[in-house]
Number of protein chains: 2
Amino acid sequence: MSNVKALPLLEPADGQGVAPCCPPLTERPMTAQEAETAARMFKALGDPVRLRLFSAVASHEGGEACVCDISDVGVSQPTVSHHLKKLKEAGLLTSERRGTWVYYRVEPSVLAAMGKLLTLPTAA
Amino acid sequence: MSNVKALPLLEPADGQGVAPCCPPLTERPMTAQEAETAARMFKALGDPVRLRLFSAVASHEGGEACVCDISDVGVSQPTVSHHLKKLKEAGLLTSERRGTWVYYRVEPSVLAAMGKLLTLPTAA
DNA sequence: CCCGTACTTCGATAGTTGTCTATGTTGACG
DNA sequence: CGTCAACATAGACAACTATCGAAGTACGGG
C-alpha cells in the first residue's frame, strides 16, 4: 500500500552533481560559482507551470507521479514534457519508466538544500 | 552605531502585496494563482547576479547595504541597478535613500515564506 | 504484426530577459 | 550656481525560453 514514509531524506546525491551546494544566503556573500549553481535551481522553480508540476509531484501519493497524473496544468502535453525535463536537469526531479508510464519523483536532498539557503539568521 | 538587532522579523508586509502566499510545495498541488505568485519570487533569485546581490545585502552588516557596497559582481552599474529593481519588484528587497546613497535591505518575511514553501514533510 | 496509448523530441515562433552605452536625476559641497 | 558622485532610466540588441503542432519512440495488447 503506501510506502510513503520510506523516502530517503538526505542522500549524498552524487549521481549528477546536485550536491549540498551552499551556505545560507544571509551568512556571507555568495561566490560567483555558488550563485551559478543555486540560481539554476531557483530558476527551475521560477516558472508557474513548473512550480505547479513540481508541487503536483511532491504532493502526490507516494512522492511520485506519472506524467498523466499531473498534466492538467493548462498547457499542451509536449510543453509539460519540456518542463519536466527542465526540472530534471536542475536536479529537482528524477524519472523512471515503468511499463507504459514514466514516473517522476522529487529529490528531497535538493529541496532541503534550497530550504537551507533561505534560512534566516537565528537572531541570537 | 550598529542597530543590527532591530530587524522586524515577521511583519504582515501589507505594503505592496508580498503576503505569506503559500503552503509548502509538498502539501498539496499549488493552484495556478499560488504558483504565479511564488514563481515570481523564485524567478527573482533565478539569476546568478541577482543571487549574489541579494546575498551581499542579506549578509551585510546591519542587514542593509548601499549599492556602492555590493556593485562588485562583474557587471556594469546600470545592470546592477536593473537587478536591484527586479529584486525590489519581487518584494525581496526594500530601498531607502539617505543622502547621496541608496540603501537596500532584505524583507525577512518574504524570505521566511519562501523557506516554508520548500519545507519537507515532517516524516512523522 | 499492427495498433493504440504514453511520453519525448523536433522545428518554428513570439515573447522575455540580461546586458550594454548614453543620458537623466538627485543630493552634497564649494 | 556649478560641479562631482551615486544611482536610476531609456533605448537597443543578442540570447534565451515558453509554447505549439507534428513527428518520433517505447511499450502493451490483441
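Here the structure is a predicted model, which means the values were calculated and not measured. Within every chain, numbering begins at 1; the chains are lettered A, B, ... in the order of the sequence lines, protein sequences first and strands thereafter.
No side-chain donor-acceptor contact under 3.5 Å links A/Ser59 to the backbone of B/Leu25. Remark: the backbone N or O of A/Thr119 is paired with a side-chain donor or acceptor of A/Thr26 at under 3.5 angstrom.
A/Trp101 places its CH2 atom 13 Å from the C1' atom of C/dG4, with the value rounded to the nearest Å. Spacing between atom CD1 of A/Ile70 and atom P of C/dA6 amounts to 14 Å, rounded to whole angstrom units.
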Write out a two-atom table: protein N or O, nucleotide N or O from nucleotides 18-23 of chain C, distance below 3.5 Å.
from, atom 1, to, atom 2, distance (Å)
C/dG18, OP1, B/Arg50, NH2, 2.9
C/dG18, OP2, B/Arg50, NH1, 3.1
C/dG18, OP2, B/Lys86, NZ, 3.3
C/dT19, OP2, B/His83, NE2, 2.4
C/dC20, OP2, B/Ser76, N, 2.8
C/dC20, OP2, B/Ser76, OG, 2.9
C/dC20, OP2, B/Thr79, OG1, 2.7

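Protein chain B contacts DNA chain D from D/dA6 to D/dT9, reading 5' to 3' and using non-hydrogen atoms of the protein with a distance under 4.0 Å.
At C/dA6, none of the side-chain N or O atoms of A/Tyr104 fall inside 4.0 Å of OP1 or OP2 (strictly under the cut-off).
Taking all atoms of both residues into account, the shortest heavy-atom contact from B/Met30 to B/Cys22 is CE-SG, 3.9 Å. Taking all atoms of both residues into account, the shortest heavy-atom contact from B/Phe54 to B/Leu92 is CE1-O, 3.6 Å.
Here A/Tyr103 lies out of heavy-atom contact (under 4.0 Å) with every strand.
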Under 3.5 Å, which donor-acceptor pairs link side chains of residues 78-85 of chain B to any protein atom two or more places apart or in another chain?
from, atom 1, to, atom 2, distance (Å)
B/Thr79, OG1, B/Ser76, OG, 3.0
B/His83, ND1, B/Arg50, NH1, 3.1

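Residues satisfying the side-chain contact (heavy atoms from CB on, under 4.5 Å) criterion with B/Glu36, sequence neighbours excluded, are A/Pro48, B/Arg40.
Residue pairs meeting the disulfide (SG to SG under 2.5 Å) criterion with at least one member in residues 33-65 of chain A: none, sequence neighbours excluded.
Using a 4.5 Å heavy-atom cutoff, the side chains of A/Lys86 and A/Asp47 are not in contact. With contacts defined as side-chain heavy-atom distances shorter than 4.5 Å, the pair A/Leu87/A/Tyr104 does not qualify.
Interface residues of residues 93-100 of chain A facing DNA chain D, ordered by number: A/Arg97, A/Gly99, A/Thr100; criterion, heavy-atom separation under 4.0 Å.
Between B/Arg98 and B/Glu64 there is a salt bridge, since a side-chain N of the basic residue sits under 4.0 Å from a carboxylate O of the acidic one.
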